[in-house]
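So the structure is just underneath, and the comments pick up after that.
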Amino acid sequence: MVAAVLTDDDPQALETLRHSAAHLMAAAVVELFPGAEYAIGPAIADGFYYDFLLPDGHRLTPEDLVRVEERMRTIASRRPAFERSELGREEALAEFRRRHQRFKVEIIEQLPATEVISCYRTGDFFDLCRGPHVPDAGGIPAFRLLHPAGAYWRGDERNPMLQRIYGTAWFSEPDLEAYLERLREADRRDHRRLGRELELFSAEEALGGGLILWHPAGSVVREVIEDHWRRAHRAHGYQLVFSPHIAKEELWVESHHLEFYADDMWGPVEVEGTRYRLKPMNCPFHILIYRARTRSYRELPLRLGELGTVYRHERSGVLHGLLRVRGFTQDDAHLFCTPDQVGEEVERAVAFSQAMLRTFGFEDLEVALSTRPAKAAGDLALWEQAEATLAEVLARRKLPHRVDAGGGAFYGPKIDLFVRDALGRTWQCATIQLDYGQPANFRLEYVGPDGATHRPVMIHRTLLGSMERFFGVLLEHYAGAFPLWLAPVQCQVITVTDEQLPFAREVAGRLAAAGLRAAVPDRPGERMPAKIRDGQRAKVPYLGVIGPREVAAGQVHLRDTRSGAQTPVTVDELVARLGSEARPPELAL
RNA sequence: GCCCAGAUAGCUCAGUGGCAGAGCACUUCCUUGGUAAGGAAGGGGUCCCGGGUUCAAAUCCCGGUCUGGGCUCCA
């Protein structure tokens with residue numbers, strides 16, 4: 001018998017608590033829905049869930065959750081113990097068959113024959129479970145059910161769809177309340193909400209799922225990001241290119257995309273008897289640029305970069321705001337190098353992406369190394385060599401990382417960088433993929449110092465991922481309040497009465513001449529407090545207020561909307577101060 | 001794709017077989033004011049699309065589109 005000692009600092013204890021809460025919830029569901037079959041109910045990050053198959057195909061509603069939660073409290077008030085028992089395999093199978101619990105029977109049948117089968121009883125509820133648990137069901141200080149959902153048995157869409165309930169449990173009511181507040185904060189920061197409120201982008205029904213319209217304010221931010229990106233790439237030895245959105249189907253045969261990636265590609269378009277496909281990736285285009293003439297080893301590494309728009313046929317159910325879309329622009333680049341340049345090029349790309357992500361306020365990065373998938377192209381020895389090269393780079397840069405076995409692309413292993421945002425959530429941005437396959441598919445060559453032809457190695461990489469996803473992540477990270485260099489409008493010039501409008505326009509003109517984005521709201525007759533409120537709500541970093549006093553003194557009363565601080569400044573001071581704060585950050589390598 | 005839920009004014013939403021509504025936004029007029037909403041009047045609808053049931057459909061039924069939650073956290 002394992003007696004769990006609950007302490008606040010032990011993550012294991014919190015997991016135990018949540019798993020116990022899942023059992024308590026299942027007990028309540030079985031009482032409310034006699035005949036319910038229960039599948040699995042693990043603790044997860046921040047909470048727990050349990051999957052059920054309810055009698056008569058009942059589907060859970062939010063109202064059902066209220067009843068389940070009430071019943072959980074009723075059961076908990078009786079403080080039934082979590083009683084552990086150990087059964088033999090046959091005994092356990094008989095018990096769960098008697099209870100008509102097909103999922104438990106299936107699980108036991110798949111356990112090794114020698115495994116000790118432990119079960120827990122909570123009042124009338126009896127479950128197959130490894131444990132441990134809290135001593136009794138009254139020992140769960142704070143819990144809340146969150147939402148119902150559908151989920152396939154074992155996550156496989158060929159299996160029956162079960163009803164899942166998500167919940168959360170904590171050591172205390174204040175902990176629970178803090179967590180619920182975190183959820184509310186995440187909702188307030190939801191990029192879809194902010195995108196609408198700040199008029200940054202939209203997705204219109206008339207356009208089709210997963211397709212995004214960038215509105216003027218969002219387009220300004222994107223343009224600033226792209227300018228920063230282009231400048232940095234030129235400084236780091238990249239050459240920038242453009243390529244079309246569509247190519248002959250034959251090209252995708254040669255690249256093996258149609259063989260390995262067809263499900264994610266849009267269907268063919270036929271023009272004058274030739275089939276074309278929308279591009280899901282930019283690589284074949286950059287490869288054709290490489291192949292346009294004979295290349296010398298003196299040109300390598302050749303780094304071709306492009307903000308390339310691609311189209312992928314994501315399944316309708318996985319689309320999500322800007323984070324999962326069907327048309328998006330990758331900040332893509334392909335590095336063509338000699339085999340002995342690979343290590344250095346990968347290392348430079350990793351450093352470049354770390355530096356780039358830092359300029360957007362992402363200091364804390366997580367790193368993953370993804371290895372050979374089941375469906376892979378190319379020979380095994382090359383894969384092993386490629387994986388070893390990536391691991392060496394991570395070791396040299398002293399980057400702690402996890403290994404995602406089988407998570408690589410079909411043409412090579414990869415290093416992914418994830419940013420951690422202001423709420424502690426992680427998002428994949430940069431990816432650096434080695435590719436020995438495409439150079440062979442396309443018979444790429446360069447002439448070496450020996451006068452003979454050799455095969456280059458390719459590295460695919462993005463730093464930000466895609467403009468859409470990165471913008472969505474950035475928007476949530478900053479909660480819509482962009483730093484000055486990214487803000488769509490950097491300074492709004494507000495007058496106390498309409499009398500000051502000419503001076504306000506003059507000030508805005510001075511700011512614009514200095515390359516700053518300034519605006520004078522066109523709202524004649526509107527009161528100043530209303531214009532201040534609009535500026536605050538639009539998250540404009542600076543509001544410059546001008547009344548009769550400021551006109552007389554040639555000043556602006558500057559309000560920093562982030563801190564609320566107010567200071568009178570001359571127009572020259574205003575231009576100098578905003579000009580220096582608005583400069584894009586330098587890339588620190 | 002699959003399960004569930006939703007779609008009513010630009011936005012947030014109420015209305016649930018019998019006259020299409022509120023707040024904000026927008027337009028006009030009045031107000032010229034000092035750091036998060038000055039006042040009044042007005043305009044604005046294919047109640048997502050298509051079909052069905054009904055004397056009558058925004059409302060009920062069927063199909064579609066789009067959106068949202070979830071679908072490899074594994075006793």
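Labels below follow one simple rule: chain letters A, B, ... track the order of the sequence lines, proteins then strands, and each chain is numbered from 1.
- Here the separation of B:rC11 from B:rG52, taken at their P atoms, is 30 Å to the nearest Å.
- Residue-level contact check: A:Gly321 touches the backbone only, with heavy atoms under 4.0 Å from sugar-phosphate atoms and none from bases.
- Pair assignment for B:rU72: none, as no Watson-Crick or G-U wobble contacts are both less than 3.5 Å.
- Atoms CD1 (A:Ile40) and P (B:rU72) sit 10 Å apart, rounded to a whole Å.
- B:rG45 sits 14 Å from B:rA7 when the C1' atoms are compared, rounded to a whole Å.
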How does protein contact run along nucleotides 29-42 of chain B, one letter per nucleotide 5' to 3', with B for base contact, S for sugar-phosphate only, - for none, heavy atoms under 4.0 Å?
-> --BBBBBBBB----

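- Shown for residues 92-106 of chain A: residues whose heavy atoms fall under 4.0 angstrom of RNA chain B, namely A:Lys104.
- Base pairing analysis places B:rU67 opposite B:rA5; the two distances defining the Watson-Crick or G-U wobble pair are each below 3.5 Å.
- With a cut-off of 3.5 Å on both Watson-Crick or G-U wobble distances, the partner of B:rU12 is given as B:rA22.
- Checking B:rC60 for Watson-Crick or G-U wobble geometry (two distances, each under 3.5 Å) identifies B:rG52 as its partner.
- Summarising the geometry of A:Ser370 relative to A:Gly407, their closest heavy-atom pair is CB-C, 3.4 Å, with the distance given to 0.1 Å.
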Does the ring pair (Phe, Tyr, Trp, His ring centres under 6.0 Å) test come out yes or no for A:Trp252 and A:Tyr261, once each step is laid out?
-> CA-CA 9 Å; A:Trp252 306 109; A:Tyr261 206 71; 9.3 Å; no

Assess whether side-chain hydrogen bond (donor to acceptor under 3.5 Å, both in side chains) is satisfied between A:Asp421 and A:Trp427, documenting all intermediate values.
-> CA-CA 8 Å; A:Asp421 75 8; A:Trp427 306 95; 3.0 Å; yes

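- One can place CG of A:Asp190 at 14 Å from P of B:rU67, the figure rounded to the nearest angstrom.
- At the heavy-atom level, A:Arg315 lies under 4.0 Å from base atoms of the strands shown.
- Using a 4.0 Å cut-off, some side-chain N or O of A:Arg192 falls inside it from OP1 or OP2 of B:rG68.
- There is a side-chain donor-acceptor pair under 3.5 Å between A:Glu204 and A:Ser202.
- Using C1' as the reference atom, B:rG15 and B:rA58 are 9 Å apart when rounded to the nearest Å.
- Atom P of nucleotide B:rC74 and atom CD1 of A:Ile107 are separated by 12 Å, given to the nearest angstrom.
- Relative ring orientation between A:Trp266 and A:Tyr311 is described as perpendicular, the plane-to-plane angle rising above 60° on a 0-90° scale split at 30° and 60°.
- In summary, A:Glu106 and A:Arg102 do not engage in a salt bridge, as defined by a charged side-chain N under 4.0 Å from a carboxylate O.
- Residue A:Glu197 contributes atom CD, which lies 12 Å from atom C1' of B:rC24 at whole-angstrom precision.
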Chi angles and distances behind the side-chain hydrogen bond (donor to acceptor under 3.5 Å, both in side chains) call for A:Thr168, A:Asp46 | CA-CA 6 Å; A:Thr168 189; A:Asp46 295 332; over 6 Å; no

Reading nucleotides 2-14 of chain B from the 5' end, what letters show protein touch, with B for base, S for backbone sugar-phosphate only, - for no heavy atom under 4.0 Å?
-> BBS------SS--

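- The same atom, P, is picked in B:rG33 and in B:rG44; the two are 35 Å apart, to the nearest Å.
- A:Arg523 places its CZ atom 15 Å from the C1' atom of B:rU28, with the value rounded to the nearest Å.
- Using a 4.0 Å cut-off between charged side-chain N and carboxylate O, A:Glu31 and A:Arg71 make a salt bridge.
- For the pair A:Arg189 and A:Glu185, the salt-bridge criterion is met [side-chain N within less than 4.0 Å of a carboxylate O].
- Salt bridge A:Arg121/A:Asp127: absent, no basic N to carboxylate O contact under 4.0 Å.
- Ring pair A:Phe48/A:Tyr50: centre-to-centre distance not below 6.0 Å.
- Checked by atom type, the side-chain pair A:Ser85/A:Glu83 shows no donor-acceptor distance below 3.5 Å.
- B:rU35 makes up no base pair with any nucleotide shown, lacking Watson-Crick or G-U wobble contacts both under 3.5 Å.
- Distances shorter than 4.0 Å separate some side-chain N or O of A:Tyr166 from OP1 or OP2 on B:rC71.
- Distance, A:Arg18 CZ to B:rC74 P: 15 Å, rounded to whole Å.
- Place A:Pro42 and A:Gly210 on RNA chain B by their nearest nucleotides, and A:Gly210 ends up nearer the 5' end.
- Taking atom CG of residue A:Asp51 and atom P of nucleotide B:rC71, one finds them 10 Å apart after rounding to whole Å.
- Nucleotides B:rU16 and B:rC60 are separated by 10 Å at their C1' atoms, to the nearest Å.
- B:rA9 and B:rA20: their C1' atoms are spaced 10 Å apart (whole Å).
- If you check every strand for non-hydrogen atoms under 4.0 Å, A:Gly544 touches nothing.
- The partner of B:rA41, taking Watson-Crick or G-U wobble pairs whose two distances both stay under 3.5 Å, is B:rU27.
- The separation between A:Phe48 atom CZ and B:rC74 atom P is 16 Å, rounded to whole Å.
- Between A:Tyr120 and A:His23, the ring planes are perpendicular. Angles over 60° get that label, and only those under 30° would be called parallel.
- The gap from the C1' atom of B:rU28 to that of B:rU65 amounts to 39 Å, rounded to the nearest Å.
- Taking the ring centre of A:Tyr542 as origin, the terminal cationic atom of A:Arg562 falls inside the region bounded by 6.0 Å and 45° from the ring axis.
- Rounded to whole Å, the separation between the C1' atoms of B:rC48 and B:rG68 comes to 15 Å.
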